[in-house]
Amino acid sequence: QVQLVESGGGLVQAGGSLRLSCAASGDTFSRYAAGWFRQAPGREREFVATMSWSGGSTYYADSVKGRFTISRDNAKNTVYLQMYSLKPEDTATYYCAAGVSLGSKWNEYNYWGQGTQVTVSS
């Protein structure tokens with residue numbers, strides 16, 4: 001079992017930046033791929049970014065490529081999502097997830113955090 005807790009969300013103006021953190025506890029977090037997803041009201045949960053357990057492989061949604069960066073510090077059991085050049089359409093609840101395989105589908109992940117709200121004003 002892995003427990004995940006996100007933090008770092010908030011209200012930011014368009015063009016601004018935020019860094020989300022996801023702290024893991026329980027099972028050895030370094031064994032798992034880590035991903036970020038987001039969900040806006042009335043929309044399905046969508047993939048944002050994912051990173052392999054070693055940090056050697058990363059994948060991003062086209063909508064965030066070049067603006068967002070996923071990273072992890074296995075010594076601290078933490079994964080990060082650095083977000084730059086934020087747009088109003090990035091407004092959503094952001095969720096951290098951990099899974100045994102690297103993927104872009106939400107059902108490929110076994111463990112989820114409770115989410116943190118990101119609101120980007122225009």
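The structure displayed is predicted, hence computed values, not measured ones. This chain uses plain numbering: 1 for the first residue, then up along the sequence.
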Under a 4.0 Å N-O cut-off, is there an ion pair linking Lys87 with Asp90?
-> no
**Request:** Evaluate ring pair (Phe, Tyr, Trp, His ring centres under 6.0 Å) for Trp112 paired with Phe37, printing each intermediate quantity in order.
**Result:** CA-CA 10 Å; Trp112 291 85; Phe37 289 74; 5.1 Å; yes
In this structure, CZ of Arg43 is separated from CD of Glu89 (nearest 0.5 Å) by 9.5 Å
For Leu18 and Gly8 the tightest heavy-atom approach is CD2-O, 3.8 Å
Rounded to the nearest 0.5 angstrom, the CG-CZ distance for Asn107 and Arg45 is 11.5 Å
| How about Gln117 and Thr93: does a side-chain donor come under 3.5 Å of a side-chain acceptor? | yes
Heavy-atom closest pair (Ser71 atom, Val79 atom, distance to 0.1 Å) is O-CG2, 3.0 Å
Quiz item: Should Ile70 and Val100 be regarded as members of a common hydrophobic cluster, given that ILVMFWY residues are connected when their side-chain heavy atoms come within less than 4.5 Å of each other, either directly or indirectly?
Solution: yes
- Query: Is it true that the side chains of Thr116 and Tyr95 contain a donor and an acceptor less than 3.5 Å apart?
  - Reply: no
Residues Ser122 and Pro88: closest non-hydrogen pair is CB-CG, 3.8 Å
Item checked: Tyr111 and Tyr32 aromatic ring geometry - parallel, tilted or perpendicular at 30°/60° bounds -> perpendicular
Gly35 and Tyr109 have their tightest heavy-atom pair at N-CE2, 3.9 Å
* **Side-chain donor or acceptor of Asn74 paired with backbone N/O of Trp53 under 3.5 Å** => yes
Item to check | Ring-face cation of Arg72 near Tyr80 (centre distance under 6.0 Å, axis angle within 45°) | outcome: no
- [ ] Could you walk me through whether Leu20 and Met83 pass the side-chain contact (heavy atoms from CB on, under 4.5 Å) test, one step at a time?
- [x] CA-CA 8 Å; Leu20 306 183; Met83 305 184 292; 3.7 Å; yes
Correct closest heavy-atom pair for Tyr84 and Ser17 would be CD2-CB, 3.8 Å
| task | May I ask whether Phe47 and Val64 are part of the same hydrophobic cluster, defined by side-chain heavy atoms of I, L, V, M, F, W, Y residues being less than 4.5 angstrom apart, directly or through others? | result | no
Here the gap from Lys76 atom NZ to Phe29 atom CZ, rounded to the nearest 0.5 Å, amounts to 14.0 Å
Apply side-chain contact (heavy atoms from CB on, under 4.5 Å) to residues Thr58 and Tyr60 and explain how you reach the verdict.
CA-CA 7 Å; Thr58 56; Tyr60 296 91; 3.9 Å; yes
To the nearest 0.5 Å, atom OG of Ser57 lies from atom CG of Leu102 at 6.0 Å
Only one of Arg38, Gln39, Glu6 passes side-chain hydrogen bond (donor to acceptor under 3.5 Å, both in side chains) with Tyr94, and that residue is Arg38
Q. Is a side-chain N or O of Thr28 found less than 3.5 angstrom from the main chain of Ser30, in a donor-acceptor match?
A. no
Heavy-atom closest pair (Leu4 atom, Ala98 atom, distance to 0.1 Å) is CD1-N, 3.8 Å
Distance col, row Thr69:OG1 vs Met51:CE, nearest 0.5 angstrom, shows 9.0 Å
To the nearest 0.5 Å, atom CD of Gln82 lies from atom OG of Ser21 at 9.5 Å
